[in-house]
Visitor: 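After the structure tokens below, expect a handful of questions from me.
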Amino acid sequence: MSAVDAVTSVDVLVVGAGVTGVHQLYRAREAGFSTLALEAGGGVGGVWFWNRYPGARLDSESYTYGYLFSRELFDGWEWTERFAGQAENERYFNYVVDALDLRRLIRFGARVISAVFEEESGTWLVSASDGSVVRARFVVAATGVLSVPAFPAVPGREDFRGVSHHTGLWPDEPVDFTGKRVAVIGTGSSGVQIIPVIADEVASLTVYQRTPNWCTPLANEPISAEQYEQLKADFEQMREILNASDSGFLHQRDTRKAFEDTEEQRWARYEKMWTSPGFSKVISNYADTMTDSAANEDWCRFMAEKIRGIVTDPATAEKLIPRDHGWAAKRPPFTTDYFEAYNNPRVSLVDITATPILRVTETGIETADGLEEFDIIVWASGFDFGTGALTRMGVRGRGGLALEEYWAGGPRTFAGTMCRQFPNFFFPGGPHGAAGNNPRYAEDQVDFVADAIEFMRERGSTVMEVPADLEQKWNQMIEELAVHSSFGEASYFYGTNIAGKPRSFLLNPGGRPKLREAMREVLDSKYARFLS
């Protein structure tokens, strides 16, 4: 077979079979395009395929996270918990691809290593790690914002002879923690989930913390049969609320400001917030908690007292209270029995700002206080957020321009979906998309991409590229509104967890309203300015 014969040609190539990629694949197939998806993993689900660590769980309500474009899909699946765990989430995505007959359109174990735009034909030539070569009119890189695990620059990491795993690259087979000496490095969203789950199994658990986070209870619970019947009855209303929501949640905003109440009233309100589910603590708290520093500090003062009341060792409790940021200046993790885990005599906490890790050895971790030996090291050290996967795909646009070069100073996008110099290349769910319940804002982008390529087919056009002024306008909005965001520069939303990464805001601080406004502007012009 010749190299030419080995090339698969499709209209639409989707990269990634996570929540966004599966939806985009479905839209392309339903529109009558020839389509294919390349997926690096061995199954569907994206983050829910890779993140198999104990305790991995949604912090968006399950029924608001799944697909809502099909009533039939919704009725055919019943979530068992308000915040479903990894295994259930993975089963859900397998249910979806089989119910929609999409599996035959996905090649697994095919990580994209090169994607080159050929100007003469107006097509992309894409190569994958399994030897696949695909020529596509359109490439949709649904690679996700949390898909490239990051490791801290610690000498000797590869020298460790015990078991070592990153939470974002967890093995298929369960890891046996029973009676083992375990280190967990990192107390972000994955670290605080895994720590309480394994604490009772281990011989010892040493947690290495760089900076503490404002962790609050997830408030998970089973969904009863009666509750699910009500969810089904309310489906259309729920979908309408979620589609209109700026953040993609059902939680309702309050109009009352913090200091309109007495301290006694505020503390009673905070107590309800503390036990409320997930992101309600962000959305349904006092209206000015995210905008008024005094109100934010008041809520933080309450949470600090909660931590001191739960953790019995005062010195440990103080280490677990953030000093460098207020509430939601970083993505707030939601947990189950996290602070309680430190009352377990098997669990100890190391503040690596005071006692730095010097190196990993063959047998353990050496800090300024000496060497501690371990059987297992868990790297809960996060991800190269937003741009990580996209800049590692070998994407080359007009004139061979590398995407990583074009984004050397930070991502430049339009609506977090496309960028200049890279025609017919889309990345829904990527940098500058929005913030909130990811599937809800990503579906806005999926619909935008699908509508765009359908319009091009109707017009007989071959190339779509964002105009320079619209890209500039979008990025100017990002810069102007980023300073008003609650997220500070210590957050990974600025890329500060990756050495050498340019410091730029990787979210859309205008949220879904700005996203939809930009898309409407394009739709009103019927995409004409994008076509050549």
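The basis for the numbers below is simple: all heavy atoms, side chains too, and nothing from hydrogens, waters or symmetry mates.
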Visitor: With rounding to the nearest 0.5 angstrom, report the CD1 to CZ distance, Ile357 to Arg210.
Guide: 11.0 Å
Visitor: Write down the atom of His251, the atom of Phe279, and the distance for their closest heavy-atom approach.
Guide: CD2-C, 3.8 Å
Visitor: Could you tell me whether the side chain of Glu39 and the main chain of Gly41 form a donor-acceptor pair under 3.5 Å?
Guide: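 Checking the backbone N and O of Gly41 against the side chain of Glu39, a donor-acceptor pair under 3.5 Å is found.
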Visitor: With distance as the sole test, does Asn213 use its side chain to make a donor-acceptor pair with the main-chain N or O of Thr187 at under 3.5 Å?
Guide: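 Present.
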Visitor: Lys180 vs Val163, test: side-chain contact (heavy atoms from CB on, under 4.5 Å). Steps then yes/no.
Guide: CA-CA 10 Å; Lys180 303 295 174 60; Val163 175; over 6 Å; no
Visitor: Can you check ring pair (Phe, Tyr, Trp, His ring centres under 6.0 Å) on Phe259 and Tyr286, steps first, answer last?
Guide: CA-CA 9 Å; Phe259 298 109; Tyr286 283 112; 8.3 Å; no
Visitor: Got more than 12 heavy atoms from elsewhere within 6.0 Å of CZ, Arg323?
Guide: yes
Visitor: Does the side chain of Gln445 come under 3.5 Å of the side chain of Thr417 through a donor N or O and an acceptor N or O?
Guide: yes
Visitor: What's the spacing between Asn89 CG and Glu81 CD if we round to 0.5 Å?
Guide: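 Separation between the atoms: 9.5 Å.
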Visitor: Between Arg396 and Glu405 (salt bridge meaning N to carboxylate O under 4.0 Å), is one present in this structure?
Guide: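 Between Glu405 and Arg396 there is no salt bridge, as every charged N stays at least 4.0 Å from the carboxylate O atoms.
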Visitor: Counting only N and O atoms by type, is there a donor-acceptor contact under 3.5 Å from the side chain of Asn220 to the main-chain atoms of Phe83?
Guide: yes
Visitor: Is the closest basic N to carboxylate O distance between Lys306 and Glu271 below 4.0 Å?
Guide: yes
Visitor: Taking ring pair (Phe, Tyr, Trp, His ring centres under 6.0 Å) as the test, write out the residues that go with His166, two or more places apart.
Guide: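 Partners of His166 under the ring pair (Phe, Tyr, Trp, His ring centres under 6.0 Å) test: Phe151, Phe383.
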Visitor: Is there side-chain contact between Leu218 and Arg57, with heavy atoms separated by less than 4.5 Å?
Guide: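 Side-chain contact under 4.5 Å: yes.
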Visitor: Main chain of Cys215, side chain of Thr335: is a donor-acceptor contact present, judged purely on distance under 3.5 Å?
Guide: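 Checked: no pair found.
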Visitor: Do the ring planes of His325 and Trp214 sit parallel (below 30°), tilted (30 to 60°) or perpendicular (above 60°)?
Guide: perpendicular
Visitor: Please report the closest heavy-atom contact between Leu38 and Ala128, naming both atoms and the distance.
Guide: CD1-CB, 4.1 Å
Visitor: Please evaluate residues Phe108 and Val44 with respect to the criterion side-chain contact (heavy atoms from CB on, under 4.5 Å), reporting the C-alpha separation (whole Å), side-chain torsions for both, the decisive distance (0.1 Å), and the verdict.
Guide: CA-CA 8 Å; Phe108 296 105; Val44 297; 3.8 Å; yes
Visitor: With heavy-atom distances below 4.5 Å as the criterion, would you say the side chains of Asn475 and His432 are in contact?
Guide: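 A side-chain contact under 4.5 Å exists here.
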Visitor: Is the shortest side-chain heavy-atom distance between Phe249 and Glu61 below 4.5 Å?
Guide: yes
Visitor: Examine distances only and state if a side-chain atom of Lys281 and a backbone atom of Pro217 form a donor-acceptor pair shorter than 3.5 Å.
Guide: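 The answer is yes, because a donor-acceptor pair under 3.5 Å joins these two groups.
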Visitor: Quick one: CG on Leu125 to OG on Ser114, what's the gap to the nearest 0.5 Å?
Guide: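 The CG atom of Leu125 sits 7.0 Å away from the OG atom of Ser114.
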Visitor: Would you check if Val140 and Pro428 make a side-chain contact, meaning some heavy-atom pair closer than 4.5 Å?
Guide: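 Yes, side chains in contact.
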Visitor: So does Arg52 get a backbone contact from the side chain of Gln86, meaning a donor-acceptor N/O pair under 3.5 Å?
Guide: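 No, because the side chain of Gln86 does not come within donor-acceptor range (under 3.5 Å) of the backbone of Arg52.
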Visitor: Just by distance, do the side chain of Gln209 and the backbone of Lys319 share a donor-acceptor pair under 3.5 Å?
Guide: yes
Visitor: Could you pull out the closest heavy-atom pair between Ala295 and Tyr270, with the gap in Å?
Guide: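 Heavy-atom minimum between the residues: O-OH, 4.0 Å.
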Visitor: Are the side chains of Val175 and Trp170 in touch, meaning some heavy atoms are under 4.5 Å apart?
Guide: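 They are in contact (side-chain heavy atoms under 4.5 Å apart), so the answer is yes.
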Visitor: I'd like to know if the side chain of Thr496 and the backbone of Ser491 have a donor-acceptor N/O pair within less than 3.5 Å.
Guide: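 Answer holds: yes.
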Visitor: When you compare the side chain of Leu515 with that of Trp474, does any pair of heavy atoms fall below 4.5 Å?
Guide: yes
Visitor: Got Val360 and Asp159 here, is their nearest side-chain heavy-atom distance under 4.5 Å?
Guide: no
Visitor: Considering non-hydrogen atoms only, spot the tightest contact between Asn508 and Ile478 and give its length.
Guide: CA-CD1, 3.7 Å
Visitor: Identify the two heavy atoms, one from Phe177 and one from Pro54, that lie closest to each other, and give their separation to 0.1 Å.
Guide: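 Phe177 and Pro54 have their closest heavy atoms at CE1-CG, 4.1 Å.
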Visitor: Using a distance-only test with no angle check, is there a side-chain donor-acceptor pair under 3.5 angstrom linking Thr178 and Asp176?
Guide: yes
Visitor: For the pair Arg308 and Glu318, find out whether any cationic side-chain nitrogen is under 4.0 Å from an anionic carboxylate oxygen.
Guide: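 Yes, Arg308 and Glu318 are salt-bridged.
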Visitor: Going by the angle between their ring planes, with limits at 30° and 60°, are Tyr492 and Phe385 parallel, tilted or perpendicular?
Guide: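 Tyr492 vs Phe385 ring planes: tilted.
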Visitor: Give a yes or no on whether the ring-centroid distance for Trp407 and Phe427 is below 6.0 angstrom.
Guide: yes
Visitor: Any ion pair linking Arg269 and Glu264 (charged N to carboxylate O, less than 4.0 Å)?
Guide: no
Visitor: Return the minimal non-hydrogen interatomic distance between Ala389 and Val148, and the atom names on each side.
Guide: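 Smallest heavy-atom distance, with atoms named: N-CG2, 3.4 Å.
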Visitor: Keeping Gln421 on the side-chain end and Tyr406 on the backbone end, is there a donor-acceptor pair under 3.5 Å?
Guide: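 Between the backbone of Tyr406 and the side chain of Gln421 there is no qualifying donor-acceptor contact (under 3.5 Å).
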Visitor: Within the 3.5 Å criterion, strictly below it, is a donor on Asn437 or Ser60 matched to an acceptor on the partner's side chain?
Guide: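 The criterion, which ignores hydrogens and geometry beyond distance, is satisfied for Ser60 and Asn437.
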Visitor: Apply the test side-chain contact (heavy atoms from CB on, under 4.5 Å) to residues Met290 and Trp327: give CA-CA distance (whole Å), side-chain angles for both, the deciding distance (0.1 Å), then the verdict.
Guide: CA-CA 8 Å; Met290 305 290 285; Trp327 169 246; 3.9 Å; yes
Visitor: Classify the ring geometry between Tyr494 and Phe505 as parallel (under 30°), tilted (30 to 60°) or perpendicular (over 60°).
Guide: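 Taking Phe505 first and then Tyr494, their aromatic rings sit tilted (interplane angle of 30° to 60°).
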Visitor: Answer yes or no: is there an ion pair linking Asp384 with Lys501, defined by an N-O contact shorter than 4.0 Å?
Guide: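 Looking at Lys501 together with Asp384, the answer is yes, because their closest N to O distance falls below 4.0 Å.
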Visitor: Check whether any side-chain heavy atom of Pro171 lies under 4.5 Å from a side-chain heavy atom of His165, and answer yes or no.
Guide: yes
Visitor: Might you work through the side-chain contact (heavy atoms from CB on, under 4.5 Å) test for Val139 and Phe422, ending with a clear yes or no?
Guide: CA-CA 10 Å; Val139 172; Phe422 297 84; over 6 Å; no
Visitor: Would you say Arg346 has more than 12 foreign heavy atoms packed within less than 6.0 Å of its CZ?
Guide: yes
Visitor: Would a distance-only check, ignoring hydrogens and angles, find a side-chain to backbone donor-acceptor pair under 3.5 Å from Asn296 to Asp292?
Guide: no
Visitor: Closer than 4.0 angstrom, basic N to acidic O: yes or no for Asp246 and Arg512?
Guide: no
Visitor: Say you draw a straight line from OG of Ser247 to OH of Tyr441; how long is it, rounded to the nearest 0.5 Å?
Guide: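 It comes to 12.0 Å.
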Visitor: Supply the atom-to-atom distance Leu507 CG to Arg331 CZ, rounded to the nearest 0.5 angstrom.
Guide: 10.5 Å
Visitor: Can a side-chain donor-acceptor contact be found between Ser132 and Arg107 if the only test is distance below 3.5 angstrom?
Guide: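 Judged by distance alone, the side chains do pair up.
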Visitor: Could you tell me if Asn94 and Arg103 have a donor-acceptor pair between their side chains, going purely by distance under 3.5 Å?
Guide: yes
Visitor: At what distance, to the nearest 0.5 angstrom, does CG of Asp375 lie from OG of Ser164?
Guide: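 These two atoms lie 12.5 Å from each other.
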